[in-house]
*Asks:* 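Below is the structure I would like to discuss, written out as structure tokens.
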Amino acid sequence: MKLDGTHQLEAARERVYQCLVDPEVLQRCIPGCERLEKTAENTFAATIRTGVGSIKGVFNGTARLEDLREPEHLRIVVDGKGTPGFLKGSGDLDLEQAENGTKITYAGDVQVGGTIASVGQRMIQGTAKMMATQFFTSLGAEAATQVGEPPPQHGFFRTALRWFSGWLKNIFRKQ
Amino acid sequence: MKKAINLSVNGVSRTDEVEPRMLLVHYLRDVLELTGTHVGCETSLCGACTVMLDGQAVKSCTLFAVQADGSAVTTIEGLAENGKLHPVQEGFWEKHGLQCGYCTPGMIVTAAQLLERNAAPSREEICHGLDGNLCRCTGYQHIIEAVEYAAKKAGQS
Amino acid sequence: MIPAQFDYQAPATLEEAVSLLASDPDGAKILAGGHSLIPAMKLRLAQPQLLIDIGRIKSLAYIREEGDQILIGATTTHYQLESSDLLKRICPLLPECAKSIGDVQVRNKGTIGGSIAHSDPAGDWPAAVLALGADLVLVGPHGERTVKAEEFFVDLLTTALEPGEILREIRIKKPSGRFGHAYQKVPHPASGFAVVGIAVHLELNDDNSCKAAAIGVTGVSVKAYRAKGVENALAGTSLDTDAIAAAEKHVCDGVDPNSDLYASSDYRCQLARVYTRRALQAAKANVQ
Amino acid sequence: MTNNYVGKRVKRTEDPRLIRGLAHYVDDVALPGTLHVSFVRSIYAHARITNVDTSAALAAPGVVAVYTGHDVAKIGAVPCASALPDLKVPDHRVLASDKVYFVGHPIAAVVATDRYAARDAVDLVMVDYEELPVVTDVEQAAAGGPVIHESFGDNIAYKLTTGEGDIDAAFAAADRTVKQRILHNRLAPIAMEPRGVLARYFPGEEELTMWSSTQIPHLMRTQVALMIGIPENKLRVITPEVGGGFGSKLNVYAEEALLGWISMQLGKPVKWIETRRENMLATIHGRGQVGDIEVAFKNDGTLTGLRYSVFADLGAYHQLLTPAIPTLTGLMLSGAYKIPAIQMNITGCFTNKMATDAYRGAGRPEATYVVERALDLVAAELGADPAEVRRKNFPAPSEFPFHTATGLDYDSGDYEAALNKAQEIAGYAQLREEQKQGRQEGRLMGIGVSTYVEICALGPSQAMPAGGWESATVRIEPTGKVTVLTGASPHGQGQETSFAQIAADELGVDINDITVIHGDTGVVQYGIGTFGSRATAVGGTAVFVAIQKLKEKAQKIAAHMLKADASRVSFEGGKYSLEAAAAASAATGTSEPVVPVGEAPAGALPEPQTEGKSSLTIQDIALAAHLAKELPPDTEPGLSATYFFEPKNFTFPFGTHIAVVEIDHETGDIKFLRYVAVDDCGRVINPMLVDGQVHGGIVQSIGQAMYEEVVYDEQGQLVTGTLMDYAVPRAKHIPNFELDRTETPSPVNPLGVKGVGEAGTIGATPAIVGAIVDALAPFGVRHLDMPIKPENVWRIINHG
């Protein structure tokens with residue numbers, strides 16, 4: 001399944017890039033990421049407990065950063081297996097300096113297998129989009145802090161609320 | 001941890017200890033050996049497991065037995081009264097409303113509910129009423145005729 | 001077919017339910033009718049540690065008038081709403097919507113509160129409660145709060161319910177004046193879920209012009225929404241063919257329509273437009 | 001008793017138990033101490049298994065055993081009964097051990113004390129995979145995609161060219177030709193009862209009894225005995241009630257052999273009941289062909305040649321008949337028409353999906369569909385009425401037996417009569433007029449016509465992989481009750497009733513005195529089973545002929561008892577009587593039954609009293625035959641006869657279906673306005689059952705035409721994995737069917753019956769698609785692939 005879009009982050013491109021390659025930040029941004037341990041250069045073992053609503057699953061697997069071209073490009077490759085099946089994906093992220101921050105353009109491919117693939121047909125795309133939004137919203141919050149500052153609080157729910165208020169703002173901006 | 005449940009099934013009082021996760025359909029089939037209620041899917045879409053719970057047709061695969069605690073359940077085995085077939089059962093026999101018979105108990109219980117709420121349904125209302133039940137054999141035409149027959153029969157008595 | 005193990009509690013009061021939920025807000029789930037949750041559990045996509053069955057709290061199932069409001073308890077079943085003479089008289093959109101949910105067995109057991117709290121992107125109730133401008137009463141460890149339906153649906157299967165909160169009641173302002181209603185839906189041929197579902201609550205001025213139109217849309221996006229673009233375009237018009245045709249175009253404004261095996265996003269939008277028109281025409285035709 | 005049941009609408013004797021919930025399907029059979037099996041199945045479509053860790057599962061509460069591929073290596077391969085030249089047959093083990101080839105491929109079997117514990121432990125079996133490239137598209141598989149079975153070098157299981165006549169000359173000489181690429185969507189049979197097996201081994205007796213939801217108990221017995229190495233006569237297969245099959249249970253599955261084997265290992269009853277998701281993943285699918293149909297014809301519409309080149313998506317393995325199914329398509333490519341030259345080129349390919357196999361119609365719906373679509377294309381090309389193009393190419397009734405260029409001899413037919421009758425019922429001319437008018441008003445109304453012929457009563461043993469005959473034993477018990485044992489194994493078609501009708505008429509006994517027994521290899525003589533619309537035409541004939549054999553013997557006994565020459569004894573209305581003249585000279589006596597069988601005192605057999613009688617009922621004879629005191633010399637005691645009927649040919653039912661639809665131009669929604677079907681299945685035993693078969697078949701066609709499709713994504717994940725996404729038609733989706741019949745008896749069997757189990761599925765699909773395409777003709781549409789969903793229609797209307 002193809003997944004693409006753009007996100008506007010209110011932070012400088014270099015700062016955003018730093019966040020993207022910082023495993024601690026990544027762990028906080030990836031929805032439900034409970035563990036992200038470095039196992040090799042740019043390679044991490046991950047445990048992700050994630051889902052939407054009452055639908056939840058635990059995935060164990062790896063995350064890898066590839067094609068690093070600071071500060072404009074990187075690729076994230078994830079591969080995990082868990083109780084409801086497996087998920088695999090890779091996404092190319094392009095960072096552009098924009099007027100008041102950074103514009104991230106992402107284009108990825110997500111594959112799911114097992115139960116989630118065979119029963120979740122009508123929800124998979126929505127879930128993927130939602131997760132991407134959560135990720136970038138959290139990333140935006142992280143990038144808005146300065147290096148050395150305590151990280152922002154953004155549990156699952158807070159992230160959603162923040163995203164929701166951002167969305168409301170957008171709606172108003174459009175009108 | 002098991003939970004005690006107490007319910008009436010086809011007029012017989014039952015008390016059992018069950019795991020909370022035990023589905024009502026498994027309680028009826030595996031514990032009470034009332035195997036007329038069938039399982040045909042796992043997503044609440046085929047209706048083969050339909051039983052009456054306190055007079056309302058429900059899918060017993062989408063209920064835990066513990067939820068039926070204190071309720072009265074009627075299964076296909078309990079539909080005929082004193083050996084006399086329910087008019088819907090008669091209709092299914094008369095109009096060839098079944099072939100392999102697997103969907104039939106659920107179909108009959110649902111149709112009985114339909115006629116309780118609407119004594120003289122139109123063809124469209126019958127189809128709407130049976131929307132939760134799948135049959136792969138009959139092509140539904142004879143089922144619809146069976147329900148029409150039962151409505152007429154019940155109306156006469 | 002077989003869910004994972006869980007613990008089960010059937011509290012007698014809502015207060016008890018709230019405190020049980022507070023004991024494990026992550027692992028516990030509220031069970032009302034169970035028609036969204038149990039299928040997910042049977043597929044083991046949901047594996048709650050504790051189920052709190054609020055289906056036995058008798059005081060949670062009701063439909064009543066209070067002042068200028070209609071109050072509906074969270075565990076009121078779809079069938080109770082479908083068959084309510086009171087609602088048929090004072091708020092017919094609710095029975096009409098109820099009638100198109102799932103099938104008779106689902107309507108007999110499934111509840112309005114469960115459906116709204118689950119917030120399935122193709123569920124029927126969200127469209128209706130949005131169109132009726134409902135208030136949702138949530139109760140949690142810190143007491144009660146009221147959230148507008150429009151603010152309740154946040155994202156895919158995600159609502160404004162905080163961990164530990166339970167949806168207790170749906171409050172709807174009794175429709176008054178000259179109003180019409182409709183719920184029109186394209187059911188998915190397999191699941192019966194709404195590919196598109198349009199709920200319309202229409203208020204007319206004495207000269208038959210549109211005083212206000214409220215349109216709830218389900219099935220189209222990751223969550224149900226109000227089609228504000230359509231509503232704005234209709235306000236003050238005579239609701240003639242041209243006005244409706246101009247308004248229907250806005251039904252997908254601002255949303256990223258779902259795409260699945262049955263309907264691509266542009267076809268879904270087409271259905272949304274057509275059904276918006278048909279629902280509006282039906283609502284106009286039944287104005288009392 | 002002179003009966004006249006055959007041809008009548010007799011209520012089913014099966015129904016009382018079914019409508020009261022008292023019938024027993026496999027899962028309803030409960031044995032004490034039964035263990036339950038649940039399967040670990042692959043979540044990848046193609047992968048190497050690097051490790052299977054069962055330790056956590058084995059330690060889980062209630063778990064008795066966990067078996068993996070290496071544990072069961074001794075069990076023989078899952079059988080494929082198709083023998084095609086140079087067919088590649090993969091080694092299909094009951095559990096995967098090194099590689100998995102499709103999502104749902106079983107990897108391990110968990111055995112536990114109850115079904116909940118077994119299911120829990122499945123989640124504890126850890127399988128490590130190394131993913132391999134996947135191929136799901138059949139044409140890609142053929143063209144050199146990733147190779148699934150490495151030792152074969154490619155994915156092509158077989159190539160086959162069939163047909164007669166000079167096809168190249170036909171195309172070279174044609175006035176015109178048309179060509180169309182046509183897709184046959186992959187379907188899931190969805191019997192409402194999923195598969196299930198209960199196996200119980202008796203260690204002392206060394207006997208294994210298996211209850212299985214199968215259409216072929218005897219064939220299953222033979223195959224499973226070979227697979228697990230138990231003597232065939234120590235294995236008993238019982239098919240209790242079977243909740244629908246549609247071909248999906250015309251097979252021998254890995255799970256069946258495995259359950260038998262596990263029960264032998266553990267010495268306990270073991271049960272496995274398929275979940276619906278397993279049913280979608282790992283029970284055979286149907287159809288799944290894509291190919292080009294080409295037709296050569298003259299300007300006047302006369303067909304001169306037909307070529308169909310097709311890729312058949314076989315899936316990852318062969319099941320019992322997988323490779324044979326597309327060859328049945330080749331047999332029926334002449335349709336109901338005279339076509340001098342026909343050629344079919346099949347390329348059967350492996351893909352990373354579940355196997356395809358027989359699904360209601362099994363290869364023949366594909367043939368009828370392409371031929372009927374082709375006839376519509378010819379009509380469109382010529383601007384002619386599709387019904388008239390068909391009529392022009394029918395063989396006349398006098399031309400039967402009619403030899404086709406596919407090598408068949410159609411038994412009997414009057415295709416035009418069925419067409420005429422259907423057109424008359426539909427008001428065809430008026431419908432066309434209405435359509436013309438409607439088009440001017442912007443209405444999108446379409447009329448589809450299908451004049452199908454199908455091949456039934458499978459079949460002569462020469463043409464069948466495992467014998468095509470059927471068996472029957474008819475026995476009259478001492479009390480006069482009649483037992484019919486049929487080797488056919490009906491599962492909803494109603495043969496308990498229709499065979500009783502035949503027996504009641506032939507024996508002149510009360511239909512309630514007859515019990516039809518089937519589906520138990522411990523009780524019933526070897527049989528083939530129920531599939532291919534064969535149960536009545538082949539199995540019913542076996543019953544009929546067995547009765548004639550039984551009556552020959554009864555006649556001899558009757559003559560002996562009546563002290564007359566057998567030639568002077570006649571049989572009518574259940575009684576053997578001396579001929580009128582002889583009777584007059586015989587002592588006067590009553591013609592009432594001499595032994596009031598039903599009133600015999602309990603525990604005592606009455607003595608037949610024949611002294612001075614001029615007639616005896618067949619039930620009197622049965623008693624005398626069992627008492628054996630008054631038998632003619634050299635006569636075996638007892639009154640039973642067994643017959644194995646070998647049909648000399650197939651039968652060829654036919655008919656005309658007319659569908660009328662209207663399309664909503666804004667949404668693409670398709671609504672039926674009419675549905676008329678005139679079917680000819682030869683002589684009819686029970687018209688009510690025939691109607692039921694036709695209805696059910698048409699609705700499965702509606703499913704294929706408009707709703708159903710098994711969809712795998714590019715990675716081989718089954719995305720229509722539940723009934724949430726795989727749309728089986730519901731009551732609201734069907735039109736009101738207007739059925740009628742013509743009756744052209746088959747000369748192939750003495751009953752004159754042809755078979756009707758698959759007619760609806762074969763005849764209806766092209767009528768429905770034809771109607772939709774016809775509705776869209778104003779947009780220049782000539783063909784649409786199935787399933788035709790509203791979105792496809794809307795796209796055509798709005799985007800051309």
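Per chain, numbering begins at 1; letters A, B, ... match sequence-line order. None of the values given here were measured: they were computed from a predicted structure.
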*Asks:* Identify which part of B:T110 has an atom lying under 4.5 Å from any heavy atom of chain C, answering side chain, backbone, both or neither.
*Replies:*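 Just its side chain gets close to chain C.
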*Asks:* Given that the side chain runs from C-beta out, which part of C:L51 has a heavy atom under 4.5 Å from chain B: side chain, backbone, both or neither?
*Replies:* side chain
*Asks:* What residue, out of C:L31, C:D7, C:V106, has the most heavy-atom pairs lying under 4.5 Å from chain B?
*Replies:*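 Highest number of pairs under 4.5 Å: C:L31.
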*Asks:* Which heavy atom of B:Q113 sits nearest a heavy atom of C:V104, and at what distance?
*Replies:*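 Distance-wise, the nearest heavy atoms are CG-CG2, 4.4 Å.
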*Asks:* Less than 4.5 Å to any heavy atom of chain C: does that hold for the side chain of B:E19, its backbone, both, or neither?
*Replies:*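 B:E19 touches chain C through side-chain heavy atoms alone.
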*Asks:* If we define contacts as heavy-atom pairs under 4.5 Å, which of C:G55, C:A4, C:G34 has the most with chain B?
*Replies:*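 Greatest number of close heavy-atom pairs with chain B: C:A4.
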*Asks:* Enter the distance from B:F64:CZ to C:D53:CG here, rounded to the nearest 0.5 Å.
*Replies:*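 B:F64 atom CZ to C:D53 atom CG measures 9.5 Å (nearest 0.5 Å).
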*Asks:* Under 4.5 Å heavy-atom distance to chain C, tell me which part of B:C41 shows up: side chain, backbone, both or neither.
*Replies:* backbone
*Asks:* Please say whether more than 12 non-hydrogen atoms of neighbouring residues, nucleotides or ligands are located less than 6.0 Å from CD in B:E124.
*Replies:*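 For B:E124, atom CD is not crowded (no more than 12 foreign heavy atoms under 6.0 Å).
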*Asks:* Taking B:R21 for the side chain and C:Y8 for the main chain, is one N or O donor matched with an acceptor at less than 3.5 Å?
*Replies:* no
*Asks:* How about C:K99: does its NZ atom have over 12 heavy atoms from other parts shown lying under 6.0 Å from it?
*Replies:*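 No, not enclosed.
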*Asks:* Shortest non-hydrogen contact from C:D103 to B:D131?
*Replies:*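 Shortest heavy-atom separation between C:D103 and B:D131 comes out as CB-C, 3.9 Å.
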*Asks:* Below 4.5 Å from any heavy atom of chain C, which atoms of B:L114 appear? Answer side chain, backbone, both or neither.
*Replies:* neither
*Asks:* Where on B:V109 is there a heavy atom nearer than 4.5 Å to chain C: the side chain, the backbone, both, or neither?
*Replies:*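 Answer is neither: B:V109 stays 4.5 Å or more from chain C.
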*Asks:* With no hydrogens and no angle check, is any side-chain donor or acceptor of C:K42 less than 3.5 Å from a backbone partner on B:C61?
*Replies:* yes
*Asks:* Go through the atoms of B:K59 and report whether side chain, backbone, both or neither lie under 4.5 Å from a heavy atom of chain C.
*Replies:*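 Backbone plus side chain of B:K59, per the 4.5 Å heavy-atom cut-off to chain C.
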*Asks:* Under a 3.5 Å distance rule, please check whether C:Q105 uses its side chain to pair with a backbone N or O of B:V58 as donor and acceptor.
*Replies:* no
*Asks:* Could you have a look at C:R56, C:K109, C:R107 and say which one has the most heavy-atom pairs with chain B under 4.5 angstrom?
*Replies:*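 Most heavy-atom pairs within the cutoff with chain B belong to C:R56.
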*Asks:* Pair B:M1, C:Q5 - check side-chain contact (heavy atoms from CB on, under 4.5 Å), show working.
*Replies:* CA-CA 9 Å; B:M1 200 174 51; C:Q5 280 178 324; over 6 Å; no
*Asks:* Which bit of B:Q67 is near chain C, if near means a heavy-atom gap under 4.5 Å: side chain, backbone, both or neither?
*Replies:*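 The answer is both parts of B:Q67.
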